[in-house]
Amino acid sequence: MRVLHTADWHLGQRFNGGHERTEEHRHFLRWLVETIQTQRVEVLVVAGDIFDTGSPSNAALELYYSFLLQMQATACRDIVLVGGNHDSPATLNAPARLLRHLRVHVVGCVPDCFEDQVIVLDNADGKPGLVVCAIPFLRDRDVRLSVPGEEAEEREARIRQGIADHYSRIAEVEIVWQLKAAGVPVLATGHLYAAGASPSDSERTIHVGNLGQVTADHFPTVFDYVALGHLHRPQRVGGREHIRYSGSPIPLSFSEVDHPKEVLLLEFTPQSLAIEAVPVPGARRLVRFHGPLDEVLVRLAAYENTGYQLPAWADVEVRSELSQLEVAEQLLAVITQLDRTQLEVLARRHFRMLTLRPLGEEPEPLTRSLHDFTEREVFEKRLEEEPEEARTELLSAFDELLELMRQG
């Protein structure tokens, strides 16, 4: 049985406050369909956070359903999708009965019937080939009862134990251990924060401050593989080869610029499990330009976007002894010359470096930062570069525009 594990698609994400990711996700999903076909994948497992919000946009829903439709033309027999902490159980579960006819199995939240999380998938011969314990993101109500007045340590212990008990209970479902004894591999999913794992800046905390961090030992030994989601960096849990985060297929914050992006290809045989990380080609690169002003300006001007279909998005952070206004002027002089089809600066920050002086030595006069100037003062500073005869007319036009903005 050949299985592909992925997670954390976050369809519909708006990057850095408003930049669409639709084309990047479309590129990934197109590649995923082709990879599933060429790699002869029989089962696709998506371990949560299919969408970025509980109310996905029409564009995000179109990507999702178009992908499921395209998958019908591949040799993949079954798709298993579980809900993550970003997903709305109602949104995922609404078409679940219809999708089941297409062999798409959706578990948006813990179902009323606990055993409905256990899905037995047939192999090419029509016999049981894989048991999937499709466990979604476990909300507080799924794993513990609220206890008035409990301490933080008690709450953490109760959440952790509740998660562990959920996995132990599903491992004890009769069909799970019966088929395991008959040699059928068992795969479990999870959308959680495992202890010792490395997060990035883009994962939303779960269980109030990421309490209830389970360890590798909390997963019963009946599971031949545990397909995890929530953390965007691909990694093993507790050094166990068979307990893995696949990571997100595209970088979801600038903190992920150096993270590899991959999906995990599993091949179960009667005696073993082979795991292969398949790199995901990116359509857009996220880049950081951090350092002294001169170095950042040179790197920005020299940037090449070879090999990427979409313009790179850049995060610029400058360390300089110059004032904020002086740094902004030099940065803008370079940024305005950039080819925006190759590179677009989305964020920039300036950390002013101050020189420590011995006690008693007179400090330099304080330099005003950009925030200390009014809009008119900034414009007057800019006008110093214009011919003197044009300044009065330009300043008058600026005052008129400023007044119109204040009225509107």
Side-chain angles (χ1 to χ4, degrees), residues 13-21 24 198-204 232-233 248 250-261 282-358 361-386 394 398 401-402 405:
Q13 191 213 28
R14 299 182 70 86
F15 188 80
N16 214 43
H19 297 269
E20 285 280 355
R21 312 297 300 272
E24 293 166 81
S198 300
S200 61
D201 292 343
S202 53
E203 297 98 351
R204 185 183 299 166
H232 301 160
R233 182 199 301 265
S248 61
I250 67 172
L252 298 168
S253 75
F254 282 115
S255 69
E256 300 176 33
V257 294
D258 297 321
H259 295 186
K261 295 302 173 185
R284 186 194 306 279
R285 188 182 180 193
L286 301 187
V287 290
R288 278 176 160 172
F289 298 94
H290 291 186
L293 178 59
D294 291 345
E295 178 185 317
V296 168
L297 294 176
V298 169
R299 290 174 57 204
L300 276 171
Y303 178 78
E304 293 186 4
N305 200 42
T306 306
Y308 293 89
Q309 298 178 11
L310 300 172
W313 284 342
D315 173 64
V316 174
E317 182 180 290
V318 171
R319 294 173 177 84
S320 172
E321 295 182 358
L322 299 177
S323 70
Q324 191 165 348
L325 182 59
E326 291 171 314
V327 169
E329 287 178 338
Q330 293 192 48
L331 271 177
L332 285 173
V334 173
I335 290 172
T336 54
Q337 298 301 313
L338 296 175
D339 181 353
R340 294 190 64 181
T341 66
Q342 299 296 309
L343 179 65
E344 185 176 356
V345 176
L346 299 192
R348 61 177 187 264
R349 295 175 300 283
H350 169 215
F351 293 98
R352 191 172 180 201
M353 310 301 290
L354 298 177
T355 303
L356 296 178
R357 299 178 178 278
E361 184 175 321
E362 287 292 323
E364 291 183 355
L366 289 175
T367 304
R368 297 168 71 188
S369 75
L370 184 61
H371 298 291
D372 298 325
F373 288 79
T374 66
E375 294 93 341
R376 196 175 195 276
E377 287 174 329
V378 172
F379 193 70
E380 286 176 334
K381 181 73 175 174
R382 173 64 181 81
L383 287 181
E384 292 176 4
E385 302 175 15
E386 299 297 326
L394 288 170
F398 178 82
L401 286 170
L402 199 58
M405 289 178 63

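If you read the sequence from its start, that first residue is 1, and numbering goes on from there.
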**Q** Is the closest side-chain heavy-atom distance between Arg288 and Ser255 below 4.5 Å?
**A**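 Side-chain contact under 4.5 Å: yes.
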
**Q** Would the distance check show the side chain of Asp315 and the main-chain N or O of Leu346 forming a donor-acceptor pair, the cut-off being under 3.5 Å?
**A**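 No; zero donor-acceptor contacts below 3.5 Å.
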
**Q** Rounded to the nearest 0.5 Å, what separation is found between the CG atom of Leu310 and the CD atom of Gln342?
**A**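 Going from the CG atom of Leu310 to the CD atom of Gln342 covers 10.5 Å.
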
**Q** Ser320 versus His350: any side-chain heavy-atom pair under 4.5 Å?
**A**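 In contact.
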
**Q** Would you mind reporting whether Val334 and Val296 have side-chain heavy atoms less than 4.5 Å apart?
**A**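 No, their side chains stay 4.5 Å or more apart.
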
**Q** Which residues pass the side chain to side chain donor-acceptor pair (under 3.5 Å) test with Glu295, sequence neighbours left out?
**A**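 With sequence neighbours excluded, Glu295 shows a side chain to side chain donor-acceptor pair (under 3.5 Å) to no residue whatsoever.
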
**Q** So does Leu383 get a backbone contact from the side chain of Glu386, meaning a donor-acceptor N/O pair under 3.5 Å?
**A**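 Not a single qualifying donor-acceptor pair exists.
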
**Q** With the side chain counted from C-beta on, respond yes when Phe289 and Leu343 share a heavy-atom pair under 4.5 Å apart, and no when they do not.
**A**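 Result yes, sub-4.5 Å side-chain heavy-atom pair found.
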
**Q** So if I apply the side-chain contact (heavy atoms from CB on, under 4.5 Å) rule between Glu24 and each of Gln13, Gln309, Arg284, which one comes out positive?
**A**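 Exactly one pass, corresponding to Arg284.
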
**Q** What do you reckon, is CZ of Arg299 surrounded by more than 12 foreign heavy atoms closer than 6.0 Å?
**A**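 Correct, the count exceeds 12.
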
**Q** Any idea how Phe379 and Phe398 line up, ring-wise: parallel (<30°), tilted (30 to 60°), or perpendicular (>60°)?
**A**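 It falls in the parallel class, under 30°.
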
**Q** Could you list the residues that satisfy ring pair (Phe, Tyr, Trp, His ring centres under 6.0 Å) with His19, not counting sequence neighbours?
**A**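 Trp313.
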
**Q** Below 4.5 Å, heavy atoms only, C-beta onward: do Leu252 and Ile250 meet side chain to side chain?
**A**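 Answer yes - side chains close enough.
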
**Q** Would you give the length of the straight line joining atom NE2 of His290 to atom CZ of Arg319, rounded to the nearest 0.5 angstrom?
**A**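 The CZ atom of Arg319 is 7.5 Å from NE2 of His290, to the nearest 0.5 Å.
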
**Q** Under the rule for side chain to side chain donor-acceptor pair (under 3.5 Å), what residues qualify as partners of Glu20, not counting sequence neighbours?
**A**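 Glu20 satisfies side chain to side chain donor-acceptor pair (under 3.5 Å) with Arg14, Thr22 once adjacent residues are dropped.
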
**Q** Might you point out which heavy atoms bring Leu286 and Val257 nearest each other, and give the distance in Å?
**A**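 So the minimum-distance heavy-atom pair works out to O-CG1, 3.3 Å.
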
**Q** If every non-hydrogen atom of Tyr308 is compared with every non-hydrogen atom of Ala283, which pair is closest and at what distance?
**A**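 Smallest heavy-atom distance, with atoms named: CB-O, 3.7 Å.
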
**Q** Where do Ala333 and Gln337 come nearest, in terms of heavy atoms and distance?
**A**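 Shortest heavy-atom contact: O-CG, 3.3 Å.
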
**Q** Within this structure, what is the CG-CZ distance for the pair Asn305 and Arg285, rounded to the nearest 0.5 Å?
**A**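 Between atom CG of Asn305 and atom CZ of Arg285 there are 7.5 Å.
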
**Q** Please examine the side chains of Leu322 and Gln330, heavy atoms only from C-beta on, and report whether any two atoms are closer than 4.5 Å.
**A**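 Yes, close enough: below the 4.5 Å cut-off.
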
**Q** Do Val327 and Arg348 have side chains that get closer than 4.5 Å, going by heavy atoms?
**A**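 Val327 does not reach Arg348 side chain to side chain.
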
**Q** Atom CG of Leu293 and atom CD of Glu321: how far apart are they, to the nearest 0.5 Å?
**A**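 Here the rounded value is 11.5 Å.
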
**Q** Under 6.0 Å from the CG atom of Asp339, do we count more than 12 heavy atoms belonging to anything else shown?
**A**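 Check passes, neighbour count above 12.
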
